[in-house]
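First up is the structure itself, then whatever we jot down about it.
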Amino acid sequence: MAEKKKFYLTTAIAYTSGKPHIGNTYEAVLADSIVRFKRQQGYDVRFQTGTDEHGQKIEIKSQEAGITPKQFVDGVSGEIKSIWDLMNTSYDKFIRTTDEYHEKQVQKIFKKLYSQGDIYKGFYEGMYCTPCESFFTSSQLVDGKCPDCGRECQPAKEEAYFLKLSKYADRLIEHINTHPGFIQPESRKNEMMNNFLLPGLQDLCVSRTSFKWGIPVDFDEGHVVYVWIDALSNYITGLGYDVDGSNALEGGEDLFAKFWPADLHLIGKDILRFHTIYWPVMLMGLGLPLPKQIFGHPWLLQNDGKMSKSKGNVIYADDLVDVFGVDAIRYFVLHEMPYENDGLVTWELVTERINSDLANTLGNLVNRTISMTNKYLGGIAEDKGIQEDVDNELKVLVTSAYKKVTDKMEALRVADAITEVFAIFKRCNKYIDETEPWILGKDESKKDRLSTVLYNLIESIVTGASLLEPFMPETTGKILTQLNANKKSFGNMGQFGLYVPGTKVTDKPEILFVRHDIKEVLEKAEEIRAAQAAANGGSKEDENVIDIEPKPEITFDDFGKMQFQVGEIIACEEVKKSKKLLCSQVKIGSQVKQIVSGIKQYYKAEEMVGKKVMVLVNLKPAKLAGVLSEGMLLCAEDAEGNLALVTPEKDMPAGAEIC
RNA sequence: GGCGGGAUAGCUCAGUUGGCUAGAGCACACGGUUCAUACCCGUGGUGUCAUGGGUUCAAAUCCCUUUCCCGCUACCA
């Protein structure tokens, strides 16, 4: 017997800073549908997902909660896992980056790359540009100055490790060019090439000393492995990979040898860069083959603008499931998601989709078929061989559906694949109209024809239900149970007439999907919203807290070097060539300075005029997009990057010193 | 600013290498039907295929102009 072909799929691991919303959950469900389909096709599948649990944000959140970081991530990771379970995701492995075997291997990986020179120790000393918050290697400096702003770079206290990307860049470019399917969707490939690979890669900082909650660099105390080497490695450590070749075995099997390279890394489009550049470089450094495909999927968004926990308008999978049921939500997220563009999720859209597709088309079809079988045939439909032309049309569509579904799934067009399955159910409804069983039922002489018709229907529904399994596993089970049918194996999808003659359908058909009244749903949503707001409203934690990377301590002298004054904006215009810049004329005392700021998205030029703002005045002038800027307007920035100008709390004259 | 993608029915989008009266789903309207979860089936669009020009026997499809959107990236003193 030929050995089964293997298929290894991973999702990104979810960050354990909080409960995942419906968008995150989407990825797990999408992965699950792909994996279930592969299993149906007969592949030997491994599906890995999990949680990413290190980092400063978690360190701080756990402090606020008054518990250890480990206790904190144990809680969140458990919650994430329970939602994945609720959604019926059939993962084989749920990895946590705090798992001991993972941490140990990450240290070994780090050490190996270091000993090969792929990771090197860099220093901020003389290379750190404080205003740019960036560090540079000596080769990057221009005349010993910051290549970005041209100013002196400062000696800094931190030292850090860097991953040398340039060494493998050519190989990676070659690989991407010779493996067209490597990056999906294809349009993303250009972005990676044009923005990063072709212009030349900057080395990646892979360690931190500013926080402790991470995997320690075991040969250099105080350093902690920073996110990417830690997180990305999960794809191989989860298979038992060991740097020195002695891979861990599971059930006596070397999973790494069997499953690596991954067939598909399923990730959000926002982290494509890390998976298509840094991860391959790491793998090359380790001498391992690259994954076959990386798919950066779009996101499911909520359309009511900014979402935040304190407003209570975040849509969570478990809330939706409470109202609609697991499979309804699986259906919605899989069906609504196009291939390249972001999709939208709202309570209204979910309700419409479910009513129209699940309750009307599918649920009602199963229900009417069973009730007719009971009413006219005592629950037993058999093929009496009285065929008509319309039957063929139905059969052709039903028996060829699996091929269409397969094509769509191979191309990762999951939404289109579901549509192909539903084409069967729609065709069944039409078939009922064409054959008019209720008329056949009135004529005893047509009984054999009636039986054939209903048999054809049941057979078609069984086929459709079987094909539906990767997407809505519970529903498949429910339908088959009501029909007393066995699931059709994938190899038999092209055959018609496998429903066992003499089988009796249930005499009490259960409603598969209830129709929901939009008003009631919205009321329910409002309750959930209120409960969420109440739970989060009072506290300042969660979304309202922003933690940024701490900078080295400065002396009062350092502070004293900076001169702040109140300025009045007397004129302002857009910088034509730029997407973000406004150019303001700012009156400060008796002089007027021209200042360029990146706030076009948040302020219109007209509304700037007349504002009193805080200005850092003695900043060395620099050119931005070709326009001279002689200072800096102070702004506050929130977690989404929204900016607000800082203005004096009482009216103060232009030129007043800020001290 | 650089690179890339897009602009097709009220809405969401299909339209393969240029070729029959430009399509699907949803929504809406009307008609049919009654087995069924007021469900199902059918019918209905004068759409400047964003704009202006060009290549061609023939262009939504290829080339150039303009406008607007989106993604990544840079700049956000």
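Proteins get letters first, then strands, A, B, ... in listed order; numbering begins at 1 in each. A quick note: this is a predicted structure, and the numbers were derived from the prediction, not measured.
In this entry C28(B) has G44(B) as its Watson-Crick or G-U wobble partner, both defining distances falling under 3.5 Å. Using the Watson-Crick or G-U wobble rule with both distances under 3.5 Å, U51(B) pairs with nothing in any strand shown. Searching all strands for a Watson-Crick or G-U wobble partner of G1(B) with both distances below 3.5 Å returns U73(B). Both distances falling under 3.5 Å, in either a Watson-Crick or a G-U wobble arrangement, occur for no nucleotide opposite U65(B).
Atom-to-atom, NZ of K408(A) to P of A14(B) comes out at 11 Å; the value is rounded to the nearest Å. One can place CD1 of I432(A) at 11 Å from P of A36(B), the figure rounded to the nearest angstrom. What separates CZ of R188(A) from C1' of G5(B) is a distance of 10 Å, to the nearest Å. Rounded to an integer number of Å, the gap from R413(A) CZ to A14(B) C1' is 10 Å. Look at CD on Q184(A): it is 19 Å from P on G4(B), rounded to the nearest Å. Between the CE atom of M632(A) and the C1' atom of C75(B) there is a distance of 13 Å, rounded to whole Å. Rounded to an integer number of Å, the gap from E348(A) CD to A27(B) P is 15 Å. Atoms CD (E436(A)) and P (U33(B)) sit 9 Å apart, rounded to a whole Å.
For K430(A) and G42(B), the shortest distance from a side-chain N or O to OP1 or OP2 is below 4.0 Å. Phosphate contact (OP1/OP2 of U37(B), side-chain N/O of N355(A), threshold under 4.0 Å): absent.
Between R515(A) and N360(A), the side chains place a donor N or O and an acceptor N or O closer than 3.5 Å (distance only, hydrogens not considered). Looking at Q594(A) and Q585(A), their side chains do bring a donor and an acceptor atom within 3.5 Å of each other. In summary, the side chains of Y431(A) and D391(A) do present a donor paired with an acceptor at a separation below 3.5 Å, with no hydrogens or angles considered. Side-chain atoms of D327(A) and T475(A) include a donor-acceptor pair closer than 3.5 Å.
Closest to the N194(A) side chain, of the nucleotides C3(B), U33(B), U73(B), is C3(B). The N367(A) side chain lies nearest to A36(B) when the options are C26(B), C35(B), A36(B). The side chain of R368(A) lies closest to C35(B), out of G71(B), G2(B), C35(B). Considering only the side chain of D433(A), C41(B) comes nearest among G25(B), C41(B), A36(B). Of the candidate nucleotides C40(B), C72(B), C35(B), C72(B) has the atom nearest to the side chain of N195(A). Comparing C35(B), C26(B), C72(B) by their closest approach to the side chain of F196(A) singles out C72(B).
For the residue pair L634(A) and L616(A), the shortest heavy atom distance occurs at CD1-N, 4.0 Å. The two atoms that bring A12(A) and I271(A) nearest to each other are CB-CD1, 3.9 Å, heavy atoms only. The minimum heavy-atom distance linking I461(A) with F425(A) is given by the pair O-CE2, 4.2 Å.
S371(A) comes within 4.0 angstrom of the backbone, heavy atoms only, and of no base. Nucleic acid contact class of M372(A) (heavy atoms, under 4.0 Å, all strands): base. Residue contacts shown for V596(A) are limited to sugar-phosphate atoms, with no base heavy atom under 4.0 Å away. Counting any heavy atom pair closer than 4.0 Å across all strands shown, I370(A) reaches no nucleic acid atom.
For the P atom pair drawn from A27(B) and C41(B), the interatomic distance equals 12 Å after rounding to whole Å. The same atom, P, is picked in G31(B) and in G47(B); the two are 26 Å apart, to the nearest Å. Here, U16(B) and C62(B) have their C1' atoms 15 Å apart, quoted to the whole Å. Nucleotides U12(B) and U17(B) are separated by 26 Å at their P atoms, to the nearest Å. Atom name P, nucleotides C26(B) and U43(B): the rounded distance is 13 Å, in whole Å. The C1' atoms of U66(B) and A24(B) are separated by 32 Å, rounded to the nearest whole Å. Nucleotides A22(B) and C69(B) have their C1' atoms positioned 24 Å apart, rounded to a whole Å. Rounded to a whole angstrom, the distance from the P atom of G1(B) to that of C63(B) is 23 Å.
Taken from CD in E186(A) to NZ in K189(A), the straight-line distance is 5.0 Å, to the nearest 0.5 Å.
Residue order along RNA chain B, read from the 5' end via each residue's closest nucleotide, puts F513(A) first among E191(A) and F513(A). Residue order along RNA chain B, read from the 5' end via each residue's closest nucleotide, puts K375(A) first among M192(A) and K375(A).
The pair R353(A)-E348(A) fails the salt-bridge criterion, with no side-chain N (NZ, NE, NH1 or NH2) lying under 4.0 Å from an Asp/Glu carboxylate O.
Side-chain contact between M614(A) and F564(A) is absent, with no heavy atoms from C-beta onward closer than 4.5 Å.
Heavy-atom distances under 4.0 Å link RNA chain B to K426(A), N429(A) of residues 416-429 of chain A, given in residue order.
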